[in-house]
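Fair warning: this is a prediction, and the values are worked out from it, not measured in the lab. Order of appearance sets the numbers: ligands from 1, and atoms from 1 within every ligand.
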Amino acid sequence: MNDKVFTKPIKKQFEFDEEVAAVFDDMLERSVPFYKEAQKITEFFALKNLNENGRIYDLGCSTASTLLSIHRKLSNKAELIGLDNSEAMLTRARKKCEAYGADIEVCNADILSYDYKEADVFISNYTLQFIRPLVREELVKKIAVSLKKEGVFIFSEKVISHHPKLNKELIECYYDFKKEQGYSEYEIMQKREALENVLVPYSEEENIKMALNAGFSHCEVLLRWANFATFIAVKE
Ligand SMILES: C[S@@+](CC[C@H](N)C(=O)[O-])C[C@H]1O[C@@H](n2cnc3c(N)ncnc32)[C@H](O)[C@@H]1O
Ligand SMILES: O=C(O)C(=O)C[C@]1(C(=O)O)C=C[C@@H](O)C=C1
C-alpha cells in the first residue's frame, strides 16, 4: 500500500502505529535512500559472521524484511530473532514469515529491557535513532556484552553533520530525494514536524564513538549516502 500518512494535517508525534505499519514497506523504500542496498550489505555481513547453530537478533525488526532476506540466503542452521514493540508491525511480520514459510521468531519486546542470549550477530537498522540518547549507549553496551567474541553489530542510522552549512545541504539533498520519490513539500514538512524530538540522529563520528565507548574494538561505515549511513562494529 502507498504511503499517504502525511498528506493530511498531523495531530500527533510520529508513531509506529497501525496507520504507519500498513504502509511501512513502501514508506521505508521511498524514505530511506538506498534502503535495499543497506539491506543487502547487512545481509552479506550478517551471513559472513553467523556460525552453524548461531543466533541473529534484529532489534526493531518492523515487518521482518531484513530477517526474511537473510533467511532466503541461509545455508546452515541458525536462530533468527526479530524484536519490536509495535504489535501492528509484528502482525505484518508474522504474516510475511508465514507466507514465505520462514522459521523466524518475532517477539513483542522492548529492546531496552530484553534479556538477550549470546549471539553471533546483532542488527538494528534505523532504530537506535528512536531510542532516547540517555539510554541509547546503555543499549549498545548491552549488545556488546551479549555478542560472542568476534561477533558483529550492524546498524543503520539517519545522520547529521556538525558543520552547519553542510548539514543544511545534506537535508536539502535528502528532501530532493524525497520529492523524486513522489512526496510533496507538504508531506515532507508534516513528517519533519512529527519526527521532531522523536527521531534524534547522531553524526557519523558520534555513532562510532558510541560503539567504541560501549566496548566494541572497531567500528566503521559500510555505506553512506548524504544523511544516511550503515555501520559495522566488531567485538574482539
Ligand atoms: C524505522 S523502524 C526499523 C526498520 C527496520 N529495521 C527495517 O530495516 O526494515 C524502527 C522500529 O523500531 C521499533 N522500536 C522503536 N523503539 C523500540 C523499542 N524500545 N523496543 C522495540 N522496538 C522498538 C518500532 O516499532 C519500529 O518498528
Ligand atoms: O522520512 C524521514 O524523514 C526519515 O527520517 C525516514 C525514516 C527513518 O529514517 O527512520 C523515518 C521514519 C520511518 O521509520 C521511516 C524512515
Side-chain angles (χ1 to χ4, degrees), residues 3 5-6 10 13-43 46 56-70 81-93 96 104 106-114 116 122-132 134-136 138-140 142-143 154-160 170-179 181-185 187-202 223 225-230:
D3 168 24
V5 175
F6 294 98
I10 52 159
Q13 287 190 314
F14 187 86
E15 265 180 61
F16 294 100
D17 55 12
E18 179 58 38
E19 194 187 7
V20 167
V23 298
F24 193 68
D25 290 353
D26 177 63
M27 177 185 277
L28 265 200
E29 283 200 38
R30 289 168 59 221
S31 306
V32 176
F34 292 100
Y35 173 72
K36 282 280 170 207
E37 287 305 316
Q39 193 172 78
K40 268 203 258 173
I41 214 160
T42 299
E43 172 198 299
I56 299 185
Y57 282 110
D58 184 6
L59 315 189
C61 66
S62 298
T63 66
S65 303
T66 305
L67 285 178
L68 275 164
S69 87
I70 291 171
I81 304 153
L83 305 177
D84 208 288
N85 63 359
S86 160
E87 198 47 47
M89 290 289 187
L90 293 172
T91 303
R92 276 145 187 108
K96 275 162 71 174
I104 297 171
V106 288
C107 305
N108 190 333
D110 183 347
I111 56 174
L112 292 167
S113 55
Y114 189 80
Y116 297 101
F122 272 84
I123 297 167
S124 192
N125 283 344
Y126 317 104
T127 299
L128 293 182
Q129 59 195 13
F130 291 102
I131 301 297
R132 280 178 297 124
L134 277 175
V135 288
R136 200 178 295 180
E138 286 310 306
L139 171 61
V140 180
K142 208 167 158 179
I143 293 170
I154 305 157
F155 60 104
S156 300
E157 291 280 287
K158 194 179 196 178
V159 294
I160 52 161
L170 287 176
I171 294 169
E172 253 179 65
C173 179
Y174 177 49
Y175 289 168
D176 272 4
F177 163 84
K178 282 192 139 186
K179 279 180 215 151
Q181 298 299 314
Y183 287 116
S184 67
E185 196 102 36
E187 285 175 284
I188 295 171
M189 288 310 134
Q190 292 263 101
K191 190 169 183 195
R192 179 189 186 152
E193 216 175 293
L195 283 170
E196 198 82 43
N197 301 320
V198 175
L199 189 167
V200 182
Y202 285 177
L223 177 73
W225 179 93
N227 61 341
F228 282 82
T230 300

(request) Please lay out, stage by stage, how Y126 and V32 fare under the test side-chain contact (heavy atoms from CB on, under 4.5 Å). (result) CA-CA 9 Å; Y126 317 104; V32 176; 3.4 Å; yes
(request) Would you sort out whether D58 and I104 count as a side-chain contact (heavy atoms from CB on, under 4.5 Å), showing the intermediate values? (result) CA-CA 11 Å; D58 184 6; I104 297 171; over 6 Å; no
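Residues I123 and C61 are not in side-chain contact: their nearest non-hydrogen atoms beyond the backbone lie 4.5 Å or more apart. Counting heavy atoms from C-beta on, the side chains of F34 and I41 never come closer than 4.5 Å. Inter-residue side-chain proximity for L170 and I160 is flagged as unmet; no heavy-atom pair is nearer than 4.5 Å. The shortest side-chain heavy-atom distance between V140 and F122 does not fall under the 4.5 Å cut-off.
Protein heavy atom at the shortest distance from atom 13 (C) of ligand 2 is F14 CZ, 3.7 Å. Of all protein heavy atoms, the one lying nearest to atom 16 (C) of ligand 2 is L28 CD2, 3.7 Å. Protein heavy atom nearest atom 1 (O) of ligand 2, with residue, atom name and distance: K178 NZ, 2.6 Å. Of the protein's non-hydrogen atoms, the one nearest atom 4 (C) of ligand 2 is Y174 OH, 3.2 Å.
For ligand 2, the atoms sitting less than 4.0 Å from at least one non-hydrogen atom of F16 are 14 (O), numbered in the order shown with element in parentheses. Near K158, with a cut-off below 4.0 Å to any heavy atom, the atoms of ligand 2 are 2 (C), 3 (O), 4 (C), 5 (O). Less than 4.0 angstrom separates some heavy atom of F228 from each of these atoms of ligand 2: 9 (O). When each atom of ligand 2 is checked for a heavy atom of Q129 under 4.0 Å away, the hits are 8 (C), 9 (O), 10 (O).
Salt bridge status for E43 with K40: absent, with no side-chain N to carboxylate O gap under 4.0 Å. Salt-bridge formation is detected for the pair D25/K96: a Lys NZ or Arg NE/NH1/NH2 atom is positioned less than 4.0 Å from an Asp or Glu carboxylate oxygen.
Protein residues with a heavy atom under 4.0 Å from ligand 1 are F16, F24, L28, Y35, G60, S62, T66, D84, N85, S86, M89, A109, D110, I111, N125, Y126, T127, F130, I131.
Between Y126 and ligand 2, a contact under 3.5 Å exists for no N or O pair.
Because its NZ or CZ atom is both nearer than 6.0 Å to the ring centre of Y183 and within 45° of the ring axis, K178 counts as a cation-pi partner of that residue. Judged by the 6.0 Å distance and 45° axis criteria, R136 is positioned over the aromatic ring of Y202.
Listed for the T127 side chain is a donor-acceptor partner under 3.5 Å among the backbone atoms of N125.
No part of V20 comes within 4.0 Å of ligand 2, judged by heavy-atom distances. Only the side chain of K191 comes within 4.0 Å of ligand 2, judged by heavy-atom distances.
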